[in-house]
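See below for the structure under consideration.
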Amino acid sequence: MENTREKNKRADGRKKTYFDRENKKKAVRTEKTKSVAPEKGKQKKSSSSSKCPYQKKCGGCTYLNLSYEEQLAKKEQFLKKTLKGIVPVKGMVGMENPYYYRNKVNSAFARKKDGTIISGIYEKGTHKVVPVDECLLEDQRADAIIRDIRSLLKSFKIMIYNEDSGYGLLRHVMVRTGFASGEIMVVLVCVSPVFPSKNNFVKALRKLHPEITTIVLNVNDRTDSMVLGKRDIVLFGRGYIEDELCGCTFRISPQSFYQVNPVQTKNLYEKAISLAGLTGNERVMDAYCGIGTIGLIASRDAREVISVELNPDAVRDAVTNAKRNRIKNVSFYQNDAGAFMVSMAEKGEKADVVFMDPPRAGSDEAFLSSVVTLSPKKVVYVSCNPETLARDLRYLTKHGYKAEEAWGYDMFAWSEHVETVVKLSLKKDTPKIEVTMEPDEESNYTPEEKATYQKIKDYVKDKYDVNVHTSHIAQVKRMCGLDMGENYNKSKKENPEVKKCPQEKVEYIKDALRYFGLIG
């Protein structure tokens, strides 16, 4: 019986999937595509129905009805329109093969009324699961693993979590793959750390997929929309995978941020470092450093790199990555990047280049003003949202910087998203910017965002004749639920740990926050 199943499995593996058949011609067309937009006329418009049967319900691939040529042109046009008058857009860099590029796949699980277990993607704007067996964007190994996990659930009597009733165990499955290393991580997201017959389940899954290098149980008992919880339990392997990018090896844990398109990430980061024009003599700052990717890659061309990240798990991975690559000229600090830069400026320290790669919401004025305060000669801004990028560039260009050039990168083929890298240089005639600089009255930030760290300091000083440190303000803002995350200022080398804000100063800072309308 076992031999028969193995033979059937091998036979099934030789069958062409729906996407393999439909994309064969597409693969031939894209084989010769350059890493820039191809010349007009090379590709014809395709019908969305010929590519993906899930498109209408999923809502993810909004550009699937366009040829890749048309898609790149549309994205470049949008980027130029959004950044018009701010920075010239030099081009849009596309992919040679814009399929199956996602190295991280999140699959939600649900049970239909007839008891059938399904897995796939949430329908846009809902928590209704659209059953998806294969996706044009996702690593095909990951999709196959998720299908087989679904098939194992019934025999192991694993219940699917129901959001309405609160009963069940399995919520999601996340699969992360190493593009260069081939390593594969499977993360089982459950509401409880108790997983029935976990050892037998792991053995059964690895028998089907011996290529899996680690399996992790993530405990998420939250009621919000976050996919992962904070606790990870290693069921098999090391609990992480490694992958290579731009000549460096990176450790990727379940919680780590790592770009989902490794091919384009390489191109994007190489461009970012090229725009910085490093000569080996510069002191570089990598803000929002995550697991240290940009800073570690740039370290071979810089004298020193200072990397700052708020997430403690990411910092631990970043330190490990530096050791793994035997890089000694990078220091990592767990801190709020804006507060850290203001602290550097107050101590008279400098940075020649700042790399910044914020989330989709962009940067807040506190961070941008800290960049201006630190006054690096160059800023390289990597953005995944052209609209917030435009807002932030307006601020920087009004406060002493010139945005010289922008490049678009198609990191998310077939969707409307665009990744951008921009080079900014400090104007030679720019006077020294003091920490007391006021925000521009015409900026697009809300009144609350104009309550800068310096304004809060000045308010406390004027009213109570007491000096408060930037890190103390950050602590109190976090205490009041103002989305500051954790700000320990834990240094691995030179910076001492910042002490807890005294209660007297806590009350002074809270008074300032009330004055500026940040708290009630």
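Every value quoted in this text rests on a predicted model; they were computed, and no experiment measured them. Count residues from 1 along the sequence.
Nearest approach of I273 to I294, heavy atoms of both residues: CD1-O, 4.3 Å. When every heavy atom of A413 is checked against every heavy atom of K75, the shortest pair comes out as CA-NZ, 4.2 Å. Taking both residues in full, the closest heavy atoms of Q255 and G229 are given as NE2-O, 2.7 Å, listed atom of the first, atom of the second, then distance. Considering every non-hydrogen atom in both S375 and K350, the closest pair reads CB-NZ, 4.5 Å. Nearest heavy-atom pair, V330 versus S307, reported as atom, atom and distance to 0.1 Å: CG1-OG, 3.7 Å. For G60 against S415, the heavy-atom pair with the smallest separation is O-CB, 3.8 Å.
Screening residues 169-182 for side chain to side chain donor-acceptor pair (under 3.5 Å), with sequence neighbours left out, gives D139-T177. Listed by first then second residue, pairs satisfying salt bridge (Lys or Arg N to Asp or Glu O under 4.0 Å) with a partner in residues 253-282 read K266-E270, not counting sequence neighbours.
With contacts defined as side-chain heavy-atom distances shorter than 4.5 Å, the pair V353/K377 does not qualify. Proximity of N329 to R303: side-chain heavy atoms (C-beta onward) are nowhere separated by under 4.5 Å. Side-chain contact check for V371 versus T373: every heavy-atom pair is 4.5 Å or farther apart. Counting heavy atoms from C-beta outward, D313 and S256 have side chains that stay 4.5 Å or more apart. Between I252 and D317, every side-chain heavy-atom pair lies at or beyond the 4.5 Å cut-off. Contact of the Q503 side chain with the E507 side chain is registered, since non-hydrogen atoms from C-beta on lie closer than 4.5 Å. Residues M92 and L79 have side chains in contact (heavy-atom distance under 4.5 Å, counting atoms from C-beta outward). Q264 has its side chain within reach of D410: a pair of non-hydrogen atoms, C-beta onward, lies under 4.5 Å apart.
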Apply side-chain contact (heavy atoms from CB on, under 4.5 Å) to residues W414 and Q71 and explain how you reach the verdict.
CA-CA 7 Å; W414 310 109; Q71 178 185 163; 3.1 Å; yes
Show the numbers, then the answer: is there a side-chain contact (heavy atoms from CB on, under 4.5 Å) between N467 and K457?
CA-CA 7 Å; N467 294 316; K457 287 182 181 182; over 6 Å; no
Would you check, one step at a time, whether the test salt bridge (Lys or Arg N to Asp or Glu O under 4.0 Å) holds for E76 with K80?
CA-CA 6 Å; E76 184 170 359; K80 287 182 175 180; 3.4 Å; yes
Test L396 against V372 for side-chain contact (heavy atoms from CB on, under 4.5 Å), laying out the working first.
CA-CA 7 Å; L396 291 171; V372 173; 4.1 Å; yes
Show your reasoning for whether side-chain contact (heavy atoms from CB on, under 4.5 Å) applies to E242 and F250.
CA-CA 5 Å; E242 291 184 339; F250 293 97; over 6 Å; no
Chi angles and distances behind the side chain to side chain donor-acceptor pair (under 3.5 Å) call for T420, Y381
CA-CA 8 Å; T420 315; Y381 191 139; over 6 Å; no
For the pair F109 and Y161, evaluate ring-ring contact (aromatic ring centres under 6.0 Å, His included) and give the outcome as yes or no after the intermediate values.
CA-CA 8 Å; F109 280 69; Y161 178 73; over 10 Å; no
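Note that CD of E138 is 10.5 Å distant from OH of Y100, once rounded to the nearest 0.5 Å. F179 contributes atom CZ, which lies 9.5 Å from atom CG of N103 (distance to the nearest 0.5 angstrom). We find the CD1-SG distance between I509 and C480 to be 9.5 Å, quoted to the nearest 0.5 Å. Going from atom OG1 of T82 over to atom NZ of K84 covers 11.5 Å, rounded to the nearest 0.5 Å. Interatomic distance, OG of S343 versus CD of E349, reported as 7.5 Å (0.5 Å rounding). Distance check, rounded to the nearest 0.5 Å: SG of C289 to CE of M356 gives 14.0 Å.
Checked by atom type and distance alone, the side chain of K90 never pairs as donor or acceptor with a backbone atom of G408 at under 3.5 Å. Under a 3.5 Å cut-off, the side chain of T214 and the backbone N or O of F236 do form a donor-acceptor pair. Of the possible donor and acceptor atoms, one in the side chain of T388 sits under 3.5 Å from a partner among the backbone N and O of R360. Of the possible donor and acceptor atoms, none in the side chain of K104 sits under 3.5 Å from a partner among the backbone N and O of V175. Here the side chain of D243 pairs a donor or acceptor atom with the backbone of A180 at under 3.5 angstrom. Between the side chain of E309 and the backbone N or O of Q334 there is no donor-acceptor pair closer than 3.5 Å. At distances below 3.5 Å, not a single donor-acceptor pair connects side-chain atoms of K423 with backbone N or O atoms of V380. With N220 contributing its side chain and V227 its backbone, the two residues share a donor-acceptor pair below 3.5 Å. Side chain of Q259 to main chain of N261: no donor-acceptor pair is present (N/O by atom type, distance under 3.5 Å, no hydrogens or angles). Remark: the backbone N or O of I297 is paired with a side-chain donor or acceptor of R300 at under 3.5 angstrom.
Among the candidates I241, I291, N321, the single residue satisfying the side chain to side chain contact (heavy atoms under 4.5 Å, CB included) test with R251 is N321. Just one of V305, D286, I327 meets the side chain to side chain contact (heavy atoms under 4.5 Å, CB included) condition when paired with L296; it is I327.
Side chains of S425 and E404: a donor-acceptor N/O pair is present below 3.5 angstrom, by distance only. Side chains of N267 and Y409: no donor on one and acceptor on the other come within 3.5 Å. Between the side chains of S369 and Y395, no donor-acceptor pair is found at a separation under 3.5 Å.
Other residues, nucleotides and ligands contribute at most 12 non-hydrogen atoms within 6.0 Å of the CD atom of Q77.
Between E304 and R283 a salt bridge is recorded (basic side-chain N to carboxylate O distance below 4.0 Å). R238 has a carboxylate O that lies under 4.0 Å from a charged side-chain N of E183, or vice versa, which qualifies the two as a salt bridge.
Ring pair F340/Y333 is tilted by interplanar angle, where 30° to 60° counts as tilted.
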